[in-house]
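Structure, as C-alpha coordinates:
Reminder, nothing fancy here: chain letters follow the sequence lines and each chain counts from 1.
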Amino acid sequence: MSTGVLSVDRGFEVVDGCEVVWSAGQIAVSGEIDVGNAEVIGERIRALLGPPVVTVDCAAVTFLDVAGMRMLARVGAAAAAVNTTVRLRRSPSVAETFALCNVDALPGIVMDPGPTAGQDGLGRPEDSR
Amino acid sequence: MTGAIDHRAQGGFCHSLLAVDAPDTIERQLVPLLRRKINARQAVLMVVGAATEQTVRDRLGGDADALQWAPPDGFYQRLGFAYRSFGRLLDERCSRRQPVHLVAEPDLISAASAPVNRAAAFLGYEAMVNDVFARYGCPITCIWHSHHHPATVIDGVREVHGRQVTVEGEQDNPRYMAPATYLNAHAQATMTPTPPVTEIDGLVWEVGQLATCRADVVDWAGRHRFAPAAARQVAMAISEVVSNGLQHGRPPVHMRAWAYHDTLIVHIEDHGAQPIPADAGYRPPATPVDAGGLWVARQLADVLLTHTGHGRTAVRLYFPYAVTHHNLDIP
(Lines give C-alpha, C1' and ligand atoms only; values in the text may rest on other atoms or scores of the structure.)
Protein backbone atom coordinates (compact mmCIF):
# COMPACT_ATOMS: atom_id res chain seq x y z
CA MET A 1 0.00 0.00 0.00
CA SER A 2 1.38 3.44 -0.85
CA THR A 3 0.04 6.87 -0.04
CA GLY A 4 0.80 10.16 -1.69
CA VAL A 5 -0.40 13.72 -1.42
CA LEU A 6 -0.96 15.48 -4.73
CA SER A 7 -1.76 18.81 -3.18
CA VAL A 8 -3.01 20.13 0.11
CA ASP A 9 -6.48 18.72 -0.34
CA ARG A 10 -5.85 15.88 -2.77
CA GLY A 11 -4.62 12.40 -2.08
CA PHE A 12 -3.59 9.29 -3.93
CA GLU A 13 -3.21 5.80 -2.60
CA VAL A 14 -2.79 2.31 -3.92
CA VAL A 15 -4.72 -0.09 -1.71
CA ASP A 16 -3.78 -3.66 -2.53
CA GLY A 17 -3.67 -2.97 -6.25
CA CYS A 18 -6.63 -0.60 -6.27
CA GLU A 19 -5.93 3.07 -7.02
CA VAL A 20 -7.78 5.61 -4.93
CA VAL A 21 -7.68 9.33 -5.69
CA TRP A 22 -9.59 11.78 -3.58
CA SER A 23 -10.19 15.46 -3.03
CA ALA A 24 -12.84 17.41 -1.20
CA GLY A 25 -16.25 15.98 -1.99
CA GLN A 26 -15.10 13.29 -4.38
CA ILE A 27 -13.17 10.08 -4.55
CA ALA A 28 -12.34 7.92 -7.55
CA VAL A 29 -11.49 4.25 -7.31
CA SER A 30 -10.03 2.17 -10.11
CA GLY A 31 -9.06 -1.46 -10.25
CA GLU A 32 -10.45 -4.39 -8.29
CA ILE A 33 -12.30 -4.11 -4.98
CA ASP A 34 -12.56 -7.28 -2.97
CA VAL A 35 -12.59 -8.49 0.61
CA GLY A 36 -8.86 -7.78 0.83
CA ASN A 37 -9.06 -4.02 0.30
CA ALA A 38 -12.72 -3.10 0.71
CA GLU A 39 -12.41 -2.08 4.33
CA VAL A 40 -9.56 0.38 3.74
CA ILE A 41 -11.30 1.86 0.71
CA GLY A 42 -14.44 2.24 2.78
CA GLU A 43 -12.45 4.13 5.42
CA ARG A 44 -11.13 6.52 2.79
CA ILE A 45 -14.65 7.21 1.56
CA ARG A 46 -16.06 7.67 5.04
CA ALA A 47 -13.34 10.20 5.83
CA LEU A 48 -14.82 12.47 3.16
CA LEU A 49 -18.40 12.37 4.44
CA GLY A 50 -19.90 15.56 5.81
CA PRO A 51 -20.60 17.83 2.82
CA PRO A 52 -24.13 17.58 1.38
CA VAL A 53 -22.89 15.54 -1.58
CA VAL A 54 -19.87 13.29 -2.01
CA THR A 55 -19.18 11.66 -5.37
CA VAL A 56 -17.77 8.14 -5.33
CA ASP A 57 -16.58 7.38 -8.82
CA CYS A 58 -16.36 3.63 -9.39
CA ALA A 59 -16.60 3.91 -13.17
CA ALA A 60 -13.11 2.43 -13.50
CA VAL A 61 -13.65 -0.43 -11.05
CA THR A 62 -13.09 -3.66 -12.95
CA PHE A 63 -14.21 -6.05 -10.21
CA LEU A 64 -16.40 -5.75 -7.14
CA ASP A 65 -17.08 -8.72 -4.90
CA VAL A 66 -19.87 -9.08 -2.37
CA ALA A 67 -17.64 -7.75 0.40
CA GLY A 68 -17.07 -4.63 -1.70
CA MET A 69 -20.78 -4.18 -2.20
CA ARG A 70 -21.36 -4.55 1.53
CA MET A 71 -18.72 -1.87 2.09
CA LEU A 72 -20.61 0.51 -0.19
CA ALA A 73 -23.83 -0.27 1.66
CA ARG A 74 -22.16 0.58 4.97
CA VAL A 75 -20.78 3.79 3.46
CA GLY A 76 -24.30 4.71 2.43
CA ALA A 77 -25.58 4.13 5.95
CA ALA A 78 -22.76 6.23 7.40
CA ALA A 79 -23.46 8.99 4.87
CA ALA A 80 -27.14 9.05 5.72
CA ALA A 81 -26.25 9.41 9.40
CA VAL A 82 -24.39 12.67 8.71
CA ASN A 83 -26.84 13.96 6.10
CA THR A 84 -24.48 13.37 3.22
CA THR A 85 -25.72 11.99 -0.05
CA VAL A 86 -23.26 9.73 -1.81
CA ARG A 87 -23.43 9.95 -5.55
CA LEU A 88 -22.16 6.63 -6.90
CA ARG A 89 -20.92 6.15 -10.45
CA ARG A 90 -20.87 2.46 -11.32
CA SER A 91 -18.87 0.54 -13.87
CA PRO A 92 -20.48 -2.48 -15.58
CA SER A 93 -18.65 -4.74 -13.10
CA VAL A 94 -20.08 -2.84 -10.15
CA ALA A 95 -23.56 -2.86 -11.65
CA GLU A 96 -23.29 -6.60 -12.26
CA THR A 97 -22.55 -7.35 -8.62
CA PHE A 98 -25.45 -5.17 -7.52
CA ALA A 99 -27.73 -6.98 -9.96
CA LEU A 100 -26.58 -10.41 -8.84
CA CYS A 101 -27.47 -9.48 -5.27
CA ASN A 102 -30.82 -8.00 -6.33
CA VAL A 103 -29.73 -4.60 -5.01
CA ASP A 104 -31.16 -1.69 -6.96
CA ALA A 105 -31.01 0.93 -4.23
CA LEU A 106 -28.94 1.63 -1.15
CA PRO A 107 -29.87 4.01 1.66
CA GLY A 108 -27.75 7.15 1.56
CA ILE A 109 -26.62 6.50 -1.99
CA VAL A 110 -27.88 7.92 -5.26
CA MET A 111 -26.73 5.77 -8.14
CA ASP A 112 -26.01 7.37 -11.48
CA PRO A 113 -27.98 5.56 -14.15
CA GLY A 114 -24.86 4.08 -15.70
CA PRO A 115 -24.95 0.58 -17.11
CA THR A 116 -28.03 -1.56 -16.70
CA ALA A 117 -28.22 -5.20 -15.71
CA GLY A 118 -28.76 -7.48 -18.64
CA GLN A 119 -25.60 -6.63 -20.53
CA ASP A 120 -24.00 -9.61 -18.85
CA GLY A 121 -26.52 -12.14 -20.04
CA LEU A 122 -28.07 -12.25 -16.60
CA GLY A 123 -30.89 -9.87 -17.33
CA ARG A 124 -34.61 -10.35 -17.37
CA PRO A 125 -36.01 -13.25 -19.36
CA GLU A 126 -39.67 -12.98 -18.56
CA ASP A 127 -40.99 -11.08 -21.54
CA SER A 128 -43.98 -13.13 -22.43
CA ARG A 129 -45.36 -13.46 -25.87
CA MET B 1 -39.26 -36.19 7.32
CA THR B 2 -41.90 -37.45 4.98
CA GLY B 3 -45.47 -37.21 6.02
CA ALA B 4 -48.59 -35.13 6.13
CA ILE B 5 -48.33 -31.72 4.58
CA ASP B 6 -49.54 -28.66 6.34
CA HIS B 7 -50.17 -26.24 3.51
CA ARG B 8 -51.42 -23.71 6.00
CA ALA B 9 -47.82 -23.37 7.10
CA GLN B 10 -47.00 -22.33 3.56
CA GLY B 11 -49.78 -19.76 3.47
CA GLY B 12 -51.75 -21.88 1.04
CA PHE B 13 -48.87 -21.97 -1.43
CA CYS B 14 -49.22 -24.79 -3.94
CA HIS B 15 -46.12 -26.16 -5.60
CA SER B 16 -47.40 -29.05 -7.65
CA LEU B 17 -45.80 -31.81 -9.65
CA LEU B 18 -47.18 -33.00 -12.92
CA ALA B 19 -45.21 -36.17 -13.62
CA VAL B 20 -45.41 -37.07 -17.29
CA ASP B 21 -45.18 -40.84 -17.48
CA ALA B 22 -47.43 -41.54 -20.46
CA PRO B 23 -47.85 -39.99 -23.93
CA ASP B 24 -51.24 -38.54 -23.01
CA THR B 25 -50.41 -37.14 -19.58
CA ILE B 26 -50.36 -33.53 -20.80
CA GLU B 27 -53.70 -33.97 -22.50
CA ARG B 28 -55.35 -35.84 -19.63
CA GLN B 29 -53.95 -33.90 -16.67
CA LEU B 30 -52.60 -30.51 -17.69
CA VAL B 31 -55.18 -29.47 -20.25
CA PRO B 32 -58.19 -29.91 -17.90
CA LEU B 33 -56.33 -27.91 -15.24
CA LEU B 34 -55.66 -25.10 -17.72
CA ARG B 35 -59.24 -25.14 -18.92
CA ARG B 36 -60.43 -24.65 -15.34
CA LYS B 37 -58.06 -21.72 -14.91
CA ILE B 38 -59.19 -20.11 -18.15
CA ASN B 39 -62.84 -20.53 -17.22
CA ALA B 40 -62.13 -18.94 -13.85
CA ARG B 41 -60.32 -16.08 -15.64
CA GLN B 42 -57.15 -16.76 -13.68
CA ALA B 43 -53.85 -15.69 -15.20
CA VAL B 44 -51.54 -18.53 -16.20
CA LEU B 45 -47.97 -18.12 -17.42
CA MET B 46 -46.68 -21.06 -19.43
CA VAL B 47 -42.90 -21.61 -19.50
CA VAL B 48 -42.93 -24.92 -21.32
CA GLY B 49 -41.23 -26.69 -24.18
CA ALA B 50 -42.43 -26.71 -27.77
CA ALA B 51 -44.04 -30.16 -27.61
CA THR B 52 -46.10 -29.33 -24.55
CA GLU B 53 -47.10 -25.97 -26.02
CA GLN B 54 -48.22 -27.67 -29.21
CA THR B 55 -50.32 -30.24 -27.32
CA VAL B 56 -51.94 -27.54 -25.23
CA ARG B 57 -52.69 -25.36 -28.26
CA ASP B 58 -54.08 -28.34 -30.18
CA ARG B 59 -56.42 -29.26 -27.35
CA LEU B 60 -57.47 -25.76 -26.26
CA GLY B 61 -57.65 -24.17 -29.68
CA GLY B 62 -58.20 -20.43 -29.51
CA ASP B 63 -58.63 -20.60 -25.75
CA ALA B 64 -54.88 -21.16 -25.51
CA ASP B 65 -54.45 -17.49 -26.34
CA ALA B 66 -55.91 -16.70 -22.93
CA LEU B 67 -52.73 -18.15 -21.47
CA GLN B 68 -49.51 -16.16 -21.28
CA TRP B 69 -46.48 -17.79 -22.87
CA ALA B 70 -42.79 -17.18 -22.22
CA PRO B 71 -39.85 -18.91 -23.87
CA PRO B 72 -38.28 -21.48 -21.53
CA ASP B 73 -34.74 -20.81 -22.70
CA GLY B 74 -35.04 -17.36 -21.19
CA PHE B 75 -35.27 -19.04 -17.80
CA TYR B 76 -33.50 -22.38 -17.99
CA GLN B 77 -29.90 -21.26 -18.20
CA ARG B 78 -27.55 -21.61 -15.26
CA LEU B 79 -29.49 -23.29 -12.48
CA GLY B 80 -29.21 -20.47 -9.97
CA PHE B 81 -30.14 -18.01 -12.67
CA ALA B 82 -33.28 -19.99 -13.50
CA TYR B 83 -34.29 -19.97 -9.86
CA ARG B 84 -33.60 -16.25 -9.47
CA SER B 85 -35.48 -15.44 -12.68
CA PHE B 86 -38.62 -17.21 -11.55
CA GLY B 87 -38.33 -15.53 -8.17
CA ARG B 88 -38.07 -12.09 -9.72
CA LEU B 89 -40.99 -12.76 -12.00
CA LEU B 90 -43.19 -13.81 -9.08
CA ASP B 91 -41.97 -10.90 -6.98
CA GLU B 92 -42.90 -8.43 -9.71
CA ARG B 93 -46.31 -10.02 -10.26
CA CYS B 94 -46.91 -9.99 -6.53
CA SER B 95 -45.93 -6.34 -6.13
CA ARG B 96 -48.16 -5.37 -9.09
CA ARG B 97 -50.98 -7.39 -7.50
CA GLN B 98 -51.18 -9.51 -10.62
CA PRO B 99 -51.09 -13.05 -9.30
CA VAL B 100 -50.31 -15.71 -11.84
CA HIS B 101 -50.32 -19.48 -11.93
CA LEU B 102 -46.91 -20.47 -13.21
CA VAL B 103 -46.62 -23.65 -15.26
CA ALA B 104 -42.96 -24.55 -15.77
CA GLU B 105 -41.33 -27.41 -17.58
CA PRO B 106 -37.66 -27.67 -16.57
CA ASP B 107 -35.40 -28.05 -19.59
CA LEU B 108 -32.49 -29.70 -17.82
CA ILE B 109 -31.69 -32.89 -19.63
CA SER B 110 -28.06 -33.88 -19.11
CA ALA B 111 -26.12 -35.87 -21.66
CA ALA B 112 -24.99 -39.25 -20.38
CA SER B 113 -21.40 -38.03 -20.69
CA ALA B 114 -22.00 -34.86 -18.66
CA PRO B 115 -19.80 -34.59 -15.55
CA VAL B 116 -22.77 -33.74 -13.33
CA ASN B 117 -26.53 -34.26 -13.48
CA ARG B 118 -28.05 -30.80 -13.76
CA ALA B 119 -31.58 -31.98 -13.05
CA ALA B 120 -30.50 -33.59 -9.78
CA ALA B 121 -28.73 -30.38 -8.80
CA PHE B 122 -31.82 -28.33 -9.65
CA LEU B 123 -33.86 -30.18 -7.07
CA GLY B 124 -32.22 -28.16 -4.29
CA TYR B 125 -33.74 -25.06 -5.87
CA GLU B 126 -37.06 -26.84 -6.32
CA ALA B 127 -37.02 -27.62 -2.60
CA MET B 128 -36.31 -24.00 -1.69
CA VAL B 129 -39.17 -22.83 -3.90
CA ASN B 130 -41.45 -24.12 -1.12
CA ASP B 131 -39.77 -21.76 1.32
CA VAL B 132 -38.70 -18.70 -0.66
CA PHE B 133 -41.52 -18.43 -3.19
CA ALA B 134 -44.38 -19.26 -0.82
CA ARG B 135 -44.81 -15.62 0.16
CA TYR B 136 -45.79 -14.64 -3.38
CA GLY B 137 -48.93 -16.74 -3.17
CA CYS B 138 -48.74 -17.75 -6.84
CA PRO B 139 -49.36 -21.45 -7.53
CA ILE B 140 -46.61 -23.26 -9.43
CA THR B 141 -47.04 -26.43 -11.43
CA CYS B 142 -43.84 -28.14 -12.54
CA ILE B 143 -43.87 -30.61 -15.41
CA TRP B 144 -41.22 -33.33 -15.12
CA HIS B 145 -40.92 -36.11 -17.67
CA SER B 146 -40.22 -39.45 -16.01
CA HIS B 147 -38.57 -40.91 -19.11
CA HIS B 148 -36.14 -37.99 -19.49
CA HIS B 149 -34.37 -38.52 -16.17
CA PRO B 150 -32.92 -41.32 -14.04
CA ALA B 151 -35.28 -42.86 -11.50
CA THR B 152 -33.27 -41.32 -8.65
CA VAL B 153 -33.96 -37.85 -10.02
CA ILE B 154 -37.66 -38.52 -10.40
CA ASP B 155 -37.72 -39.89 -6.85
CA GLY B 156 -36.21 -36.58 -5.73
CA VAL B 157 -38.71 -34.62 -7.81
CA ARG B 158 -41.49 -36.31 -5.87
CA GLU B 159 -39.93 -35.17 -2.58
CA VAL B 160 -39.87 -31.45 -3.37
CA HIS B 161 -43.43 -30.81 -4.49
CA GLY B 162 -46.15 -30.52 -1.87
CA ARG B 163 -48.93 -31.33 -4.32
CA GLN B 164 -49.31 -33.50 -7.36
CA VAL B 165 -51.55 -33.23 -10.38
CA THR B 166 -53.56 -36.36 -11.15
CA VAL B 167 -56.48 -37.20 -13.40
CA GLU B 168 -58.69 -36.55 -10.37
CA GLY B 169 -57.21 -33.07 -9.93
CA GLU B 170 -54.59 -31.79 -7.52
CA GLN B 171 -53.85 -33.80 -4.39
CA ASP B 172 -51.43 -33.62 -1.49
CA ASN B 173 -48.20 -35.49 -2.14
CA PRO B 174 -47.43 -37.90 0.71
CA ARG B 175 -43.76 -38.10 -0.25
CA TYR B 176 -43.16 -34.37 0.17
CA MET B 177 -40.25 -33.31 2.37
CA ALA B 178 -39.92 -29.86 3.94
CA PRO B 179 -37.13 -27.80 2.29
CA ALA B 180 -34.74 -28.00 5.22
CA THR B 181 -35.29 -31.74 5.51
CA TYR B 182 -34.68 -32.32 1.83
CA LEU B 183 -31.58 -30.11 1.71
CA ASN B 184 -30.08 -31.62 4.84
CA ALA B 185 -30.60 -35.08 3.42
CA HIS B 186 -28.75 -34.07 0.26
CA ALA B 187 -26.20 -31.64 1.71
CA GLN B 188 -23.25 -33.97 1.35
CA ALA B 189 -22.98 -34.16 -2.40
CA THR B 190 -21.21 -37.06 -4.00
CA MET B 191 -18.30 -35.82 -6.10
CA THR B 192 -16.13 -37.72 -8.49
CA PRO B 193 -12.47 -37.78 -7.45
CA THR B 194 -10.39 -34.83 -8.58
CA PRO B 195 -7.99 -35.81 -11.36
CA PRO B 196 -4.44 -36.53 -10.20
CA VAL B 197 -3.14 -33.69 -12.36
CA THR B 198 -5.14 -30.52 -12.94
CA GLU B 199 -4.59 -27.42 -15.04
CA ILE B 200 -4.68 -25.18 -11.99
CA ASP B 201 -3.45 -26.50 -8.67
CA GLY B 202 -2.66 -23.87 -6.10
CA LEU B 203 -2.96 -22.81 -2.50
CA VAL B 204 -4.44 -19.53 -1.34
CA TRP B 205 -3.33 -18.47 2.12
CA GLU B 206 -4.79 -14.99 2.48
CA VAL B 207 -7.19 -12.56 0.85
CA GLY B 208 -4.34 -10.58 -0.69
CA GLN B 209 -3.90 -13.45 -3.15
CA LEU B 210 -7.45 -13.28 -4.47
CA ALA B 211 -6.63 -10.92 -7.35
CA THR B 212 -3.92 -13.26 -8.61
CA CYS B 213 -6.27 -16.19 -8.18
CA ARG B 214 -8.90 -14.43 -10.31
CA ALA B 215 -6.35 -13.53 -12.98
CA ASP B 216 -5.24 -17.16 -13.17
CA VAL B 217 -8.82 -18.31 -13.59
CA VAL B 218 -9.56 -15.73 -16.30
CA ASP B 219 -6.45 -16.82 -18.23
CA TRP B 220 -7.35 -20.49 -17.85
CA ALA B 221 -10.97 -20.00 -18.95
CA GLY B 222 -9.74 -17.95 -21.89
CA ARG B 223 -7.51 -20.80 -22.96
CA HIS B 224 -10.67 -22.90 -23.09
CA ARG B 225 -12.23 -20.32 -25.45
CA PHE B 226 -14.49 -18.82 -22.82
CA ALA B 227 -15.41 -15.28 -23.84
CA PRO B 228 -13.94 -12.52 -21.64
CA ALA B 229 -17.30 -11.80 -19.98
CA ALA B 230 -17.86 -15.49 -19.24
CA ALA B 231 -14.29 -15.92 -17.97
CA ARG B 232 -14.77 -12.96 -15.62
CA GLN B 233 -17.95 -14.53 -14.27
CA VAL B 234 -16.15 -17.82 -13.66
CA ALA B 235 -13.44 -15.90 -11.80
CA MET B 236 -16.00 -13.99 -9.75
CA ALA B 237 -17.71 -17.17 -8.61
CA ILE B 238 -14.36 -18.72 -7.69
CA SER B 239 -13.30 -15.58 -5.86
CA GLU B 240 -16.39 -15.64 -3.68
CA VAL B 241 -15.95 -19.31 -2.79
CA VAL B 242 -12.24 -18.96 -2.05
CA SER B 243 -12.98 -15.86 0.00
CA ASN B 244 -15.54 -17.84 2.01
CA GLY B 245 -12.98 -20.60 2.55
CA LEU B 246 -10.46 -18.11 3.90
CA GLN B 247 -12.96 -16.38 6.17
CA HIS B 248 -15.12 -19.25 7.39
CA GLY B 249 -12.78 -22.20 6.93
CA ARG B 250 -9.12 -22.59 7.69
CA PRO B 251 -6.35 -21.69 5.23
CA PRO B 252 -4.83 -22.68 3.01
CA VAL B 253 -7.61 -22.95 0.48
CA HIS B 254 -6.72 -25.49 -2.17
CA MET B 255 -7.98 -24.69 -5.64
CA ARG B 256 -7.85 -27.15 -8.50
CA ALA B 257 -9.35 -26.63 -11.92
CA TRP B 258 -9.70 -28.78 -14.99
CA ALA B 259 -11.88 -29.21 -18.04
CA TYR B 260 -14.11 -32.15 -18.88
CA HIS B 261 -15.13 -31.94 -22.51
CA ASP B 262 -16.67 -28.45 -22.76
CA THR B 263 -17.23 -27.98 -19.03
CA LEU B 264 -14.84 -26.12 -16.75
CA ILE B 265 -14.75 -27.63 -13.27
CA VAL B 266 -13.26 -25.96 -10.22
CA HIS B 267 -12.80 -27.74 -6.90
CA ILE B 268 -12.11 -25.57 -3.86
CA GLU B 269 -11.27 -27.10 -0.52
CA ASP B 270 -10.39 -25.61 2.84
CA HIS B 271 -9.35 -27.24 6.06
CA GLY B 272 -12.39 -26.16 8.03
CA ALA B 273 -14.68 -28.91 9.20
CA GLN B 274 -17.59 -26.56 9.74
CA PRO B 275 -20.27 -27.79 7.34
CA ILE B 276 -21.72 -25.24 4.97
CA PRO B 277 -25.38 -24.76 5.95
CA ALA B 278 -27.54 -26.85 3.64
CA ASP B 279 -29.54 -23.81 2.51
CA ALA B 280 -26.54 -21.49 2.03
CA GLY B 281 -26.71 -19.57 -1.20
CA TYR B 282 -30.32 -20.41 -1.94
CA ARG B 283 -31.62 -17.08 -0.70
CA PRO B 284 -30.53 -13.66 -1.92
CA PRO B 285 -29.01 -11.47 0.78
CA ALA B 286 -31.91 -10.16 2.87
CA THR B 287 -30.19 -6.77 3.08
CA PRO B 288 -27.19 -5.39 1.16
CA VAL B 289 -24.93 -5.89 4.18
CA ASP B 290 -25.75 -9.58 4.58
CA ALA B 291 -23.48 -12.36 3.39
CA GLY B 292 -24.08 -13.25 -0.22
CA GLY B 293 -20.95 -14.87 -1.60
CA LEU B 294 -22.45 -18.30 -2.09
CA TRP B 295 -25.63 -16.80 -3.53
CA VAL B 296 -23.53 -15.01 -6.17
CA ALA B 297 -21.49 -18.14 -6.85
CA ARG B 298 -24.69 -20.13 -7.36
CA GLN B 299 -25.87 -17.53 -9.90
CA LEU B 300 -22.66 -17.58 -11.89
CA ALA B 301 -21.94 -21.30 -11.87
CA ASP B 302 -24.33 -23.73 -13.47
CA VAL B 303 -24.03 -26.34 -10.73
CA LEU B 304 -22.46 -25.84 -7.30
CA LEU B 305 -21.99 -28.82 -4.98
CA THR B 306 -20.74 -28.82 -1.39
CA HIS B 307 -19.34 -31.50 0.87
CA THR B 308 -17.85 -31.47 4.36
CA GLY B 309 -15.96 -34.40 5.83
CA HIS B 310 -12.57 -35.63 7.04
CA GLY B 311 -11.76 -32.16 8.35
CA ARG B 312 -12.26 -30.46 5.01
CA THR B 313 -14.99 -28.49 3.30
CA ALA B 314 -15.19 -28.75 -0.47
CA VAL B 315 -17.13 -26.73 -3.01
CA ARG B 316 -17.21 -27.82 -6.63
CA LEU B 317 -18.44 -25.59 -9.42
CA TYR B 318 -19.34 -26.55 -12.97
CA PHE B 319 -19.33 -24.14 -15.91
CA PRO B 320 -20.53 -25.83 -19.13
CA TYR B 321 -19.50 -23.74 -22.12
CA ALA B 322 -22.92 -23.56 -23.77
CA VAL B 323 -24.85 -22.79 -20.60
CA THR B 324 -22.33 -20.21 -19.41
CA HIS B 325 -22.45 -18.41 -22.75
CA HIS B 326 -26.22 -18.59 -23.17
CA ASN B 327 -27.48 -15.08 -23.89
CA LEU B 328 -24.05 -13.73 -23.06
CA ASP B 329 -23.05 -10.70 -25.06
CA ILE B 330 -19.77 -11.75 -26.61
CA PRO B 331 -17.66 -8.76 -27.62
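- In summary, the side chains of B:Q233 and A:E96 do present a donor paired with an acceptor at a separation below 3.5 Å, with no hydrogens or angles considered.
- A salt bridge links B:D302 and B:R118; the closest N-O separation between the charged side-chain nitrogens and carboxylate oxygens is under 4.0 Å.
- Geometrically, B:R57 engages B:W69 in a cation-pi contact defined by less than 6.0 Å to the ring centre and at most 45° from the axis.
- Along residues 24-36 of chain A, the residues that come nearer than 4.5 angstrom to chain B, judged on non-hydrogen atoms, are A:E32, A:D34, A:V35, A:G36 in order of number.
- Here the side chain of B:H326 pairs a donor or acceptor atom with the backbone of B:D73 at under 3.5 angstrom.
- With a 4.5 angstrom heavy-atom cutoff, A:L64 touches chain B only via backbone atoms.
- A salt bridge does not link B:E240 with B:R214: none of the charged nitrogens is closer than 4.0 Å to a carboxylate oxygen.
- Contacts classified as side chain to side chain donor-acceptor pair (under 3.5 Å) and involving residues 280-290 of chain B (residues at least two apart or in different chains) are given here: B:D131-B:R283, B:D279-B:R283, B:T287-B:D290.
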For side chain to side chain contact (heavy atoms under 4.5 Å, CB included), just list the numbers for B:L304 and B:Y318, CA-CA rounded to whole Å, side-chain angles, deciding distance to a tenth of an Å, and then say yes or no. CA-CA 7 Å; B:L304 186 152; B:Y318 296 81; over 6 Å; no

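- Contact of B:E206 with chain A is not made at all, since no heavy-atom distance falls under 4.5 Å.
- By number of non-hydrogen pairs under 4.5 angstrom with chain A, the leading residue of B:V207, B:L210, B:V296, B:V289 is B:V289.
- Contact annotation for B:P284: only side-chain heavy atoms (C-beta onward) come within less than 4.5 Å of a heavy atom of chain A.
- Relative orientation of the B:H325 and B:Y321 rings is parallel, given thresholds of 30° and 60° on the angle between their planes.
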